[in-house]
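Comments concern the structure below.
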Amino acid sequence: MVKKLVWVTGGICLAAVGLARPVWTQESLSIGVAGIDAQRLHELPYNLIGRKIAIGQVEIGRPGKFGLDKAVSKQPAIAPAGVFLRNGAAKANTNIDPHAQNVASIMISDRKTLAGIAPGARLYSTAVGSVKYAGQPEECLSAQSTANRNSGDVRAINFSFGETLERDPRPEARLDGNSLLTRCLDWSSRVHDVLYVIAGNQGKGGIPIPTDNYNGMNIAFSSRQDGIFRKVDVTNLSAAGGGVKGRLRGREMNLGTRQSISLVAPGNRVYALNPDAKVKEVTGTSFAAPHVTATVALLQEYGDKQIKMASAPISLEKGDKTIASRPPFQGGLGGSTRNWSLDARRHQVMKAVLLNSADKVQDAGDGLRLGMSKTIIDKQNRNWVDSDAYRQPKVSLNSEIGAGQLNAFRAYEQFKAGQWQSWQPVPAMGWNYRQLKANSAEDYVLAAPLKQGSYVAITLVWERLVELRDKNQNGSFDVGEDFRDRGLNNLDLYLLNADSNAAASNICTSTSEVDSIEHIFCPVPTTGSYKIRVQFRQQVNQPSQPYAIAWWTVPAQ
């Protein structure tokens, strides 16, 4: 007699009669309301699936491609736009990797019963090849090649792999941001305008390089609690305090006090597809990162539509005759359209939007906590407001949670608020991309008073300046070349009383001296008028610093 086993975990029922077969509801999947709430964006009225948006994938291997590889099912659920080996075309039936296939399916699967986050996106996947014959130079070459696909218009690149310090050729190698691959990604971010999404390190002896990057995002993974993805998984290597942190600093975690984790995303027991199209249950940061990469495709599809509409001239007609035309409306409070420019495509804007819209502490239903849908907790069951990131201005992000857990729908709401410049009063929610001169400040005056007890979320991002030592002056990285680290300018972020210039409170400031992110999440002490200040505190490289900022507040009624 064969016993039938049925068990429920995290809101998903798994049944086994001989072979286990997963049974789920769409809401319980990692892309549903139990996870990042991206599925809602697939549906009307949003209808966002990442159409025409190019994203990339770099791993040791690659997913299979129907028509090229025999291992791929005759009814493939994923169809990469292109597959490659480093900077050349992929060879048929070689370098196909189930891990890469799993990651790709989370991003672009078009199977109705197990859809990816951005099934309409164009995925360009590059295999580095065997680690026996490839190291950081070949991995850098693969990243550069991927960034140049789609005529140089790739918006985000997923790294669900990395390098060990044992393979780094530097003597006494540490996670100090100076490995060739880490510098390569920080250089490529700026030169190719692409957001690198990196699987955060997990477990002793893991894959720490390039998690010491400045200009990308490192993703930890969450597991279900009471059916909801909301707890940082115990295997994430990001514990704060104690001897563990001291032993691992510089080996498995960033050297010094710089934080490693940017965001959390679902990654424990999520579902993916193998090359034969069979469903597989997978766990790890490798599967959290593609949730973020694919969310960028959804946002960018929306952004491209807005840019197109904003650039179209408007005709004023009387009867059948056009009597006048004017350029599109370019913003202002109370306008029917918002500012949209090519800045919406910038990777810094995507980074600020994703961080600022993350879930931290569930809203009570009154909107004071910005409508957040989940309380995210660390391995000790503490939430964001229990951490040093909440209490100490010099700590910009939580060591385990980062800015919180990815929420694709909230990211859409943050992005939809549009671009607003500092020379006019700004609405309660918005974002901007600008440049700031050394020893100066930029103020964003909020048009409406803020409500006492409501929370403010503000995120400021900028970049470390890394330059290519281009021996042959061809403008591209070649094996044998390296990079020059020009350092990180120091910017600070404040919420100020609009009239007095006094800080709203100590916790409404973010003044990290080592990070390329400043982040504020604080309650408004009293109802009144406020402004956001970006301060260029210290020049280390160039005298003008590009930055992106996003804010989300609650106006007093």
Between Arg410 and Asp359, is the salt bridge (charged side-chain N to carboxylate O under 4.0 Å, His left out) condition met? List the steps. CA-CA 8 Å; Arg410 283 175 49 79; Asp359 277 325; 3.7 Å; yes

Worked check of salt bridge (charged side-chain N to carboxylate O under 4.0 Å, His left out) between Asp304 and Arg155: CA-CA 12 Å; Asp304 277 5; Arg155 310 294 172 88; 3.1 Å; yes

Carefully, step by step, assess Arg346 and Gln348 under the rule side-chain hydrogen bond (donor to acceptor under 3.5 Å, both in side chains). CA-CA 5 Å; Arg346 294 187 183 273; Gln348 302 99 320; 5.2 Å; no

side-chain contact (heavy atoms from CB on, under 4.5 Å), that's the test. Do Met217 and Val461 meet it? Break it down for me. CA-CA 11 Å; Met217 299 178 70; Val461 304; over 6 Å; no

Test side-chain contact (heavy atoms from CB on, under 4.5 Å) applied to Leu299 and Tyr412, step by step: CA-CA 6 Å; Leu299 300 181; Tyr412 160 80; 4.0 Å; yes

Going through the checks in order, is the side-chain contact (heavy atoms from CB on, under 4.5 Å) test met by Ile401 and Ile261? CA-CA 7 Å; Ile401 301 173; Ile261 299 302; over 6 Å; no

Steps toward side-chain contact (heavy atoms from CB on, under 4.5 Å) verdict (Phe415, Gln300): CA-CA 9 Å; Phe415 193 41; Gln300 287 295 293; 4.0 Å; yes

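A donor-acceptor pair under 3.5 Å links the side-chain atoms of Asn236 to the main chain of Phe221, judged by distance alone. Listed for the Arg190 side chain is no donor-acceptor partner under 3.5 Å among the backbone atoms of Leu465. Side-chain atoms of Ser516 do not come within 3.5 Å of backbone N or O of Glu463 as any donor-acceptor pair. Although no hydrogens or angles enter the test, the distance criterion places no donor-acceptor pair under 3.5 Å between the side chain of Gln452 and the main chain of Val524. Side-chain N or O atoms of Asn398 include one that pairs as donor or acceptor with a backbone N or O of Glu400 at under 3.5 Å. Side chain of Lys360 to backbone of Ile376: no donor-acceptor contact under 3.5 angstrom is found. Formation of a donor-acceptor pair under 3.5 Å by the Thr285 side chain with backbone atoms of Ala220 is not found in this model. A donor-acceptor pair under 3.5 Å is formed between the side chain of Asn541 and the backbone N or O of Gly487. Using a distance-only test at 3.5 Å, with no hydrogens or angles considered, no donor-acceptor pair links the side chain of Arg224 to the main chain of Ala34. Looking only at distances, no side-chain donor or acceptor of Gln362 sits under 3.5 Å from a matching main-chain atom of Thr375.
Aromatic ring centres of Tyr46 and Tyr302: separated by at least 6.0 Å.
Side-chain contact annotation: Ser189 with Asn215, donor-acceptor N/O pair under 3.5 Å absent. Counted by atom type alone, Lys231 and Asn381 present one or more donor-acceptor pairs between their side chains at under 3.5 Å. Side chain to side chain, Asn201 and Ser260 fail the donor-acceptor criterion of an N or O pair below 3.5 Å. Donor-acceptor pairing under 3.5 Å is recorded for the side chains of Gln421 and Asn432. Between the side chains of Asn356 and Thr459, at least one donor-acceptor pair of N or O atoms lies under 3.5 Å.
Tested against Glu442, the residues Arg434, Arg533, Lys437 include a single salt bridge (charged side-chain N to carboxylate O under 4.0 Å, His left out) partner, Arg434. For the side chain to side chain donor-acceptor pair (under 3.5 Å) criterion with Asp492, the lone passing option out of Arg537, Lys394, Gln535, Gln538 is Arg537.
Salt-bridge formation is not detected for the pair Arg258/Asp515: no Lys NZ or Arg NE/NH1/NH2 atom is positioned less than 4.0 Å from an Asp or Glu carboxylate oxygen. Using a 4.0 Å cut-off between a side-chain N of Lys or Arg and a carboxylate O of Asp or Glu, Asp37 and Lys374 do not qualify as a salt bridge.
Applying the 6.0 Å contact sphere to NZ of Lys531 captures more than 12 heavy atoms from other residues, nucleotides or ligands. The number of heavy-atom neighbours closer than 6.0 Å to NZ of Lys52, taken from other residues, nucleotides and ligands shown, is 12 or below.
A pairwise comparison of heavy atoms in Pro119 and Asp110 identifies CB-CA, 4.1 Å as the closest pair.
Note on ring orientation: taking the six-membered ring where Trp is involved, the planes of Tyr444 and Trp551 are tilted (angle from 30° to 60°).
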